[in-house]
Protein chains: 2
Amino acid sequence: MNIETPVWRQVRAAIVAQIAAGEFPPGTPLPAERALAERFSCAIGTIRRATDGLVAEGVLSRQQGRGTFVAQHTPERLFRFFHLRRPDGAAELPRTEFLDFAERRADRTQAAALGLELDAPLLRARHLQHLGGRPAMLEKLWLPATLFPGLDGARFAGRPGTVYDLYQREFGISVTRIDEQLRAAIPPARVASRLGLRVGEPALFIQRVAHAVDGKPVELRLAWADTRDLAYFNSRA
Amino acid sequence: MNIETPVWRQVRAAIVAQIAAGEFPPGTPLPAERALAERFSCAIGTIRRATDGLVAEGVLSRQQGRGTFVAQHTPERLFRFFHLRRPDGAAELPRTEFLDFAERRADRTQAAALGLELDAPLLRARHLQHLGGRPAMLEKLWLPATLFPGLDGARFAGRPGTVYDLYQREFGISVTRIDEQLRAAIPPARVASRLGLRVGEPALFIQRVAHAVDGKPVELRLAWADTRDLAYFNSRA
DNA sequence: CCCAATTTGTTCGTATGTATA
DNA sequence: TTATACATACGAACAAATTGG
């Protein structure tokens with residue numbers, strides 16, 4: 001921080017911190033702009049300036065006449081982070097088939113990706129995403145166990161919505177940013193058979209780290225996607 | 001447009017139109033905020049509201065004490081659209097090896113992607129991108145000939161900077177958005193040999209449509225990337 | 001159904017600080 | 001030093017959408 005951090009940045013940081021701390025669970029309204037202006041002893045315009053960026057990032061959602069809400073992982077919001085679609089670009093929700101759940105310890109790579117110590121306790125889950133009734137993507141997830149106390153296979157598999165939904169509702173962790181690396185490669189035989197690929201057929205390998213509101217990494221995900229009839233969509237402005 | 005479009009949207013649209021029309025070439029400053037406020041008969045805050053989004057998109061760049069400038073395709077800006085990097089994420093500028101240039105006519109797919117009629121005149125270029133001294137990506141580009149009058153192989157190959165630089169400086173076309181589809185596939189033998197891949201080794205296939213400030217498609221690009229030692233980076237907030 | 005209260009959306013105008021030429 | 005331009009901040013007013021009586 002500088003000697004003179006702008007007020008709107010201070011306010012923004014304070015709001016983010018409160019959301020990250022779970023004081024405003026997803027779906028709940030923030031105090032009204034006037035109330036926030038009073039609490040932070042600043043003008044309404046400064047409050048708007050502070051929240052503008054969060055709205056753009058999808059952390060908050062403003063509705064005229066209703067209020068400003070902490071965003072939830074609605075299906076619509078999911079597509080910010082789900083990039084696999086049919087070539088015509090039609091957005092379709094994947095069906096998730098749970099495979100297994102286990103406790104592990106972080107190896108060198110996992111620890112580095114998640115900002116943890118070597119051998120830190122991890123939770124690992126595997127599942128298979130289906131699109132159009134066919135297997136499309138095989139995913140392996142690692143979570144820092146300390147961030148998800150009490151999470152087990154039953155709760156993981158029995159969740160009603162998406163994975164990020166679960167993180168948010170049950171553990172107050174809102175995924176707001178993901179960093180991905182993509183490669184083309186030949187998947188191992190076991191992966192290929194899950195995806196219905198012949199031996200030697202390539203697939204898209206995706207390595208993802210998901211970050212919470214405060215920027216801390218909360219999930220490492222490795223995935224193999226069958227891109228014979230699907231494509232990974234990316235759009236940048 | 002609604003019956004009542006907000007002033008800031010009108011101002012934004014007007015500025016975009018003027019940039020797209022080449023009235024403010026890249027690198028030149030926009031009129032000062034006060035001047036714009038007078039020209040559009042509105043408050044200075046409304047001007048800022050109008051330009052805020054354009055700054056966020058990278059169309060404009062504001063510098064305190066200097067002015068607001070129409071963005072140029074600096075190397076830095078290039079990385080918004082160049083996603084291939086070494087796994088450690090180090091950003092390195094590619095070296096471009098020109099291959100060939102030709103005049104073509106749009107087939108069904110190309111016409112659809114570029115919003116043109118069938119058989120519309122196109123310009124096609126091919127080049128090879130090198131990273132770390134090794135071939136990394138083989139690209140094929142198609143441009144609507146009408147948008148690039150007088151462009152030939154010599155001018156294309158002899159340009160000083162990047163391709164998007166050329167579009168901008170010579171033809172007033174600023175690429176501000178790209179839509180991409182990625183797939184893993186086995187490249188044709190000719191492509192594989194260019195990239196130093198053995199037969200049957202997979203590569204990342206990238207299909208890109210680039211759009212100008214006004215949203216119109218201006219380039220179709222098909223590329224094969226060698227992702228054995230490189231990865232396609234994507235980050236979303 | 002209408003009304004009133006609440007909340008965000010838009011716009012205005014002003015003042016002061018800070019970076020640049 | 002001076003003038004210019006953007007950055008920040010304030011406060012006010014009215015419009016538009018929503019909600020509850």
Side-chain angles (χ1 to χ4, degrees), chain A residues 1-16 18-19 23-72 74 77, chain B residues 1-16 18-19 23-72 74 77:
Chain A
M1 296 286 186
N2 269 335
I3 338 174
E4 197 77 28
T5 306
V7 179
W8 70 267
R9 282 193 178 279
Q10 299 176 32
V11 172
R12 185 198 148 110
I15 292 174
V16 165
Q18 283 185 276
I19 293 174
E23 295 181 39
F24 300 118
T28 59
L30 245 55
E33 292 172 346
R34 272 195 199 120
L36 287 173
E38 265 199 43
R39 175 186 304 190
F40 290 108
S41 307
C42 68
I44 277 191
T46 305
I47 296 297
R48 289 195 70 90
R49 178 71 181 274
T51 51
D52 273 346
L54 298 174
V55 171
E57 288 174 29
V59 175
L60 297 178
S61 132
R62 282 196 293 231
Q63 287 171 256
Q64 186 176 162
R66 297 229 304 143
T68 303
F69 301 83
V70 180
Q72 283 176 301
T74 59
R77 179 151 171 66
Chain B
M1 296 289 185
N2 268 337
I3 339 174
E4 196 76 28
T5 306
V7 178
W8 70 267
R9 283 192 178 278
Q10 298 176 32
V11 171
R12 184 197 150 111
I15 292 175
V16 165
Q18 284 187 275
I19 292 174
E23 295 182 40
F24 300 119
T28 59
L30 245 55
E33 291 172 346
R34 273 198 198 119
L36 287 172
E38 267 198 41
R39 176 186 303 187
F40 290 108
S41 307
C42 69
I44 219 173
T46 306
I47 297 296
R48 288 195 70 91
R49 178 71 181 272
T51 51
D52 273 348
L54 298 175
V55 171
E57 289 174 27
V59 175
L60 297 177
S61 133
R62 280 196 294 232
Q63 287 171 256
Q64 184 176 168
R66 297 227 305 141
T68 303
F69 301 83
V70 180
Q72 284 177 299
T74 60
R77 179 152 171 65

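The chains referred to below are lettered A, B, ... by the order of the sequence lines, with proteins before strands, and numbering in each begins at 1.
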Starting from P on D:dC6, measure out to CG on B:Leu30 and report it in whole angstrom.
9 Å
Using whole Å, what does the distance between atom P of nucleotide D:dC6 and atom CZ of B:Phe69 come to?
8 Å
Please state how far atom CD in A:Glu38 lies from atom C1' in D:dG11, giving the value in whole angstrom units.
14 Å
Nearest to side-chain heavy atoms of A:Thr46, which nucleotide of D:dA5, C:dC12, D:dC10
D:dC10
B:Arg62 side-chain proximity, nearest of D:dT8, D:dC10, D:dA7
D:dA7
A:Ile44 CD1 to C:dT7 P, straight-line distance once rounded to whole Å:
10 Å
Is the shortest side-chain heavy-atom distance between B:Leu36 and B:Val11 below 4.5 Å?
no
Do B:Val16 and B:Val59 have side-chain heavy atoms sitting under 4.5 Å apart?
no
B:Leu60 atom CG is separated from D:dA5 atom P, nearest whole Å, by 16 Å
Test: A:Arg62 and A:Asp52 ion pair at under 4.0 Å:
yes
D:dA7 P sits how many Å from A:Asp52 CG, rounded?
15 Å
Between A:Gln63 and B:Pro6, which is nearer to the 5' end of DNA chain C once each is assigned its nearest nucleotide?
A:Gln63
Checking A:Gln10 side chain against A:Thr5 main chain: does a donor-acceptor pair fall under 3.5 Å?
yes
Given D:dA9, D:dA5, C:dT7, which nucleotide is nearest the side-chain atoms of A:Trp8?
D:dA9
At under 4.0 Å between heavy atoms, what does B:Ser41 touch on the DNA or RNA strands: base, sugar-phosphate, or nothing?
sugar-phosphate
Name the closest nucleotide to the B:Arg48 side chain, picking from C:dT8, D:dT8, C:dT11.
D:dT8
5' priority, DNA chain D, between A:Gln64 and A:Gly45 [closest heavy atom]
A:Gly45
Whole-Å distance between D:dG11 C1' and A:Arg49 CZ?
17 Å
Quick one: does B:Pro25's side chain get under 4.5 Å of B:Val70's, heavy atoms only?
no
Contact under 4.0 Å: A:Thr68 side-chain N or O vs C:dT8 OP1/OP2:
yes
Take atom CZ of A:Arg66 and atom C1' of C:dA5, then tell me their distance rounded to the nearest Å.
16 Å
Would you mind telling me which residue lines up with the more 5' stretch of DNA chain D, B:Glu33 or A:Arg9, judged by nearest nucleotide?
B:Glu33
